[in-house]
A.B. asks: 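Dropping the structure in here first, questions after.
Nothing here was measured: the structure is a model prediction, and the numbers come from that model. Throughout, numbering of the chain's residues begins at 1 and tracks the sequence.
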Amino acid sequence: MKEDILEQLIEDWYVTNSGWFVKHNIKYRPNKNHQDYESKKDSVHSDIDILAYSPKEKINNVHVISCKSWQSGLNLKYLFSIIDSEANYNDKTKAGFQKREEWKQFRELVSDKWIDAFVKKIEEETGQRNFTYRVAATKIIHDKKVNYLEKIQNNEQIKKRFNKYNSEIKIEIIDLKTIINQTLERINDKETPVLEMTEIGRFIQLLEAAGIKIN
């Protein structure tokens with residue numbers, strides 16, 4: 001049983017798209033032989049929310065999805081501040097992160113030992129080290145003055161960090177509204193537009209029954 005409704009919707013979104021297979025809540029943790037490994041801190045597993053794979057696609061066929069079902073939404077400036085501040089992270093908590101340790105929310109992007117474990121787990125599951133990393137959020141909060149999405153997607157420090165582990169990462173961010181709209185488009189493109197009996201299908205049925213329109 002998946003604990004997060006957003007995870008359920010994301011999984012169904014992939015499953016209802018022909019050719020995609022998914023696994024969820026895949027546990028991993030740093031290797032004990034990694035130079036930065038700390039037994040007291042690193043004995044607890046993290047997990048990959050959703051791992052999607054398509055054998056039909058020749059490129060971009062491995063997607064790793066981190067689900068952030070925060071009701072306030074995902075603030076791109078906040079996300080960039082974590083990535084940018086921790087781009088040279090050395091597994092020692094910095095003053096600005098000492099209390100809340102925000103970096104842990106995206107440890108697989110900023111910590112060498114976690115990146116190492118993350119990439120190895122993806123390879124173990126798919127046979128590949130190159131993948132698209134998607135953050136799925138309830139909604140996305142943009143900044144009116146600065147394009148933080150572009151800054152996140154083109155962050156050279158993150159790319160270099162993954163290159164150290166022979167991995168290429170492509171970062172994308174998607175919101176719930178887009179997921180629902182794309183599902184509706186997929187349904188309407190069918191000759192007989194029938195909703196699949198999935199969580200996202202039932203969810204859309206409820207929205208329609210309530211007279212809620214998603215555009």
A.B. asks: Please evaluate residues Thr178 and Asn181 with respect to the criterion side-chain hydrogen bond (donor to acceptor under 3.5 Å, both in side chains), reporting the C-alpha separation (whole Å), side-chain torsions for both, the decisive distance (0.1 Å), and the verdict.
C.D. replies: CA-CA 5 Å; Thr178 299; Asn181 281 332; 5.9 Å; no

A.B. asks: Within a strict 4.5 Å, meaning less than it, do heavy atoms of the Glu125 and Lys23 side chains meet?
C.D. replies: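 They are in side-chain contact.
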
A.B. asks: Go through the steps for Lys151 and Val146 under the test side-chain contact (heavy atoms from CB on, under 4.5 Å), then give the verdict.
C.D. replies: CA-CA 9 Å; Lys151 285 179 172 288; Val146 181; 3.5 Å; yes

A.B. asks: Can you check whether Lys104's main-chain N or O pairs, donor with acceptor, with Arg107's side chain at less than 3.5 Å?
C.D. replies: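 Looks like yes, one N/O pair under 3.5 Å.
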
A.B. asks: Please walk me through it: do Ser54 and Asn61 pass side-chain hydrogen bond (donor to acceptor under 3.5 Å, both in side chains)?
C.D. replies: CA-CA 5 Å; Ser54 174; Asn61 62 349; over 6 Å; no

A.B. asks: Please examine the side chains of Leu109 and Ile115, heavy atoms only from C-beta on, and report whether any two atoms are closer than 4.5 Å.
C.D. replies: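 SC-SC contact between Ile115 and Leu109 ruled out.
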
A.B. asks: Do Arg134 and Val64 come within less than 4.5 Å of each other through their side chains, counting heavy atoms only?
C.D. replies: no

A.B. asks: Can you measure from CG (Asp36) to NZ (Lys41) and round to the nearest 0.5 angstrom?
C.D. replies: 11.0 Å

A.B. asks: List the atom of Pro55, the atom of Gly19, and the distance in Å for their closest heavy-atom pair.
C.D. replies: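 Looking at all heavy atoms of both residues, the shortest contact is CD-O, 3.4 Å.
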
A.B. asks: List the residues meeting ring pair (Phe, Tyr, Trp, His ring centres under 6.0 Å) with Tyr148, not counting sequence neighbours, and say none if there are none.
C.D. replies: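 With neighbours one apart ignored, the set is Phe80.
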
A.B. asks: Do Lys68 and Phe106 meet the cation-pi criteria used here (NZ or CZ under 6.0 Å from the six-membered ring centre, within 45° of the axis)?
C.D. replies: yes

A.B. asks: Does any non-hydrogen side-chain atom of Asn75 lie less than 4.5 Å from one of Asp143?
C.D. replies: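 No, side chains not in contact.
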
A.B. asks: Group every Ile, Leu, Val, Met, Phe, Trp and Tyr by side-chain heavy-atom contacts under 4.5 Å, then state whether Leu9 and Phe21 land in the same group.
C.D. replies: no

A.B. asks: What are the two closest non-hydrogen atoms of Asn154 and Lys159, and how far apart are they?
C.D. replies: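 So the two residues come closest at CA-NZ, 4.1 Å.
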
A.B. asks: In plain terms, say whether Lys120 and Glu123 are close enough for a salt bridge, that is, a side-chain N and a carboxylate O under 4.0 Å apart.
C.D. replies: no

A.B. asks: Which residues satisfy the ring pair (Phe, Tyr, Trp, His ring centres under 6.0 Å) test with Tyr28, sequence neighbours excluded?
C.D. replies: Trp114, Phe118

A.B. asks: Can you see which heavy atom on Lys56 is nearest to which on Ser18, and at what distance?
C.D. replies: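 Closest approach of Lys56 to Ser18: NZ-OG, 3.5 Å.
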
A.B. asks: Enter the distance from Lys27:NZ to Ser46:OG here, rounded to the nearest 0.5 Å.
C.D. replies: 8.5 Å

A.B. asks: I need the minimum non-hydrogen distance between Asn60 and Trp20, along with the two atoms involved.
C.D. replies: O-CH2, 3.9 Å

A.B. asks: Considering only heavy atoms from C-beta outward, does the side chain of His34 approach that of Asp42 to under 4.5 Å?
C.D. replies: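 Contact flag for His34/Asp42 side chains = no.
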
A.B. asks: Kindly indicate whether the side chain of Arg129, heavy atoms from C-beta on, has any atom under 4.5 Å from the side chain of Tyr165.
C.D. replies: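 They are in contact (side-chain heavy atoms under 4.5 Å apart), so the answer is yes.
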
A.B. asks: If we ignore hydrogens and angles and just use 3.5 Å, is the side chain of Asp47 paired with the main-chain N or O of Asp49 as donor and acceptor?
C.D. replies: no

A.B. asks: Without swapping roles, check the side chain of Thr126 against the backbone of Ile122 for a donor-acceptor pair under 3.5 Å.
C.D. replies: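 Yes, the answer is positive, given that a donor and an acceptor are paired below the 3.5 Å cut-off.
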
A.B. asks: Do the side chain of Thr138 and the main chain of Ser69 share a donor and acceptor less than 3.5 angstrom apart?
C.D. replies: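 The answer is no, because no donor-acceptor pair under 3.5 Å joins these two groups.
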
A.B. asks: Quick one: do the Tyr14 and His63 side chains pair a donor with an acceptor below 3.5 Å?
C.D. replies: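 Yes, side-chain donor-acceptor contact under 3.5 Å.
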
A.B. asks: Look up atom CZ in Phe162 and atom CD1 in Ile169, then write down how far apart they are to the nearest 0.5 Å.
C.D. replies: 4.0 Å

A.B. asks: Rounded to the nearest 0.5 Å, what's the gap from CG on Asn147 to NE2 on His142? Could you check?
C.D. replies: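 Reported to 0.5 Å precision, the distance equals 8.5 Å.
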
A.B. asks: Test side-chain contact (heavy atoms from CB on, under 4.5 Å) on Leu51 and Val22 and set out the steps.
C.D. replies: CA-CA 6 Å; Leu51 177 62; Val22 302; over 6 Å; no

A.B. asks: Might you point out which heavy atoms bring Trp13 and Ile174 nearest each other, and give the distance in Å?
C.D. replies: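 Of all heavy-atom pairs spanning Trp13 and Ile174, the closest is CH2-CD1, 3.3 Å.
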
A.B. asks: Out of curiosity, Ile10 CD1 to Ile50 CD1, how far, rounded to the nearest 0.5 Å?
C.D. replies: 7.5 Å

A.B. asks: For the atom pair CG (Asp175) and CD1 (Ile180), what is the distance rounded to the nearest 0.5 Å?
C.D. replies: 9.0 Å

A.B. asks: Report yes if some heavy atom in the side chain of Ser66 is under 4.5 Å from a heavy atom in the side chain of Gln105; otherwise report no.
C.D. replies: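 Counting from C-beta outward, Ser66 and Gln105 never come under 4.5 Å.
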
A.B. asks: Please walk me through it: do Val62 and Thr132 pass side-chain contact (heavy atoms from CB on, under 4.5 Å)?
C.D. replies: CA-CA 6 Å; Val62 175; Thr132 295; over 6 Å; no

A.B. asks: Counting only heavy atoms from other residues, nucleotides and ligands, does the tally under 6.0 Å from CD of Glu150 exceed 12?
C.D. replies: no

A.B. asks: Main chain of Val119, side chain of Ser167: is a donor-acceptor contact present, judged purely on distance under 3.5 Å?
C.D. replies: no

A.B. asks: Indicate, with yes or no, if Ile141 and Trp70 share a hydrophobic cluster defined by side-chain heavy-atom contacts under 4.5 Å among Ile, Leu, Val, Met, Phe, Trp and Tyr.
C.D. replies: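 No, separate clusters.
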
A.B. asks: Is any side-chain heavy atom of Ile83 less than 4.5 Å from a side-chain heavy atom of Ile152?
C.D. replies: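 Touching, per the 4.5 Å side-chain cut-off.
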
A.B. asks: If you draw a 6.0 Å radius around CD in Glu168, do more than 12 non-hydrogen atoms from other residues or ligands fall strictly inside?
C.D. replies: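 Atom CD in Glu168 is not crowded, with 12 or fewer foreign heavy atoms closer than 6.0 Å.
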
A.B. asks: Ala136 and Leu6: which non-hydrogen atoms are nearest, and at how many Å?
C.D. replies: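 Smallest heavy-atom distance, with atoms named: O-CD2, 3.5 Å.
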
A.B. asks: Can a donor-acceptor pair be found, under 3.5 Å and without considering hydrogens, that links the side chain of Lys113 to the backbone of Tyr37?
C.D. replies: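 No; zero donor-acceptor contacts below 3.5 Å.
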
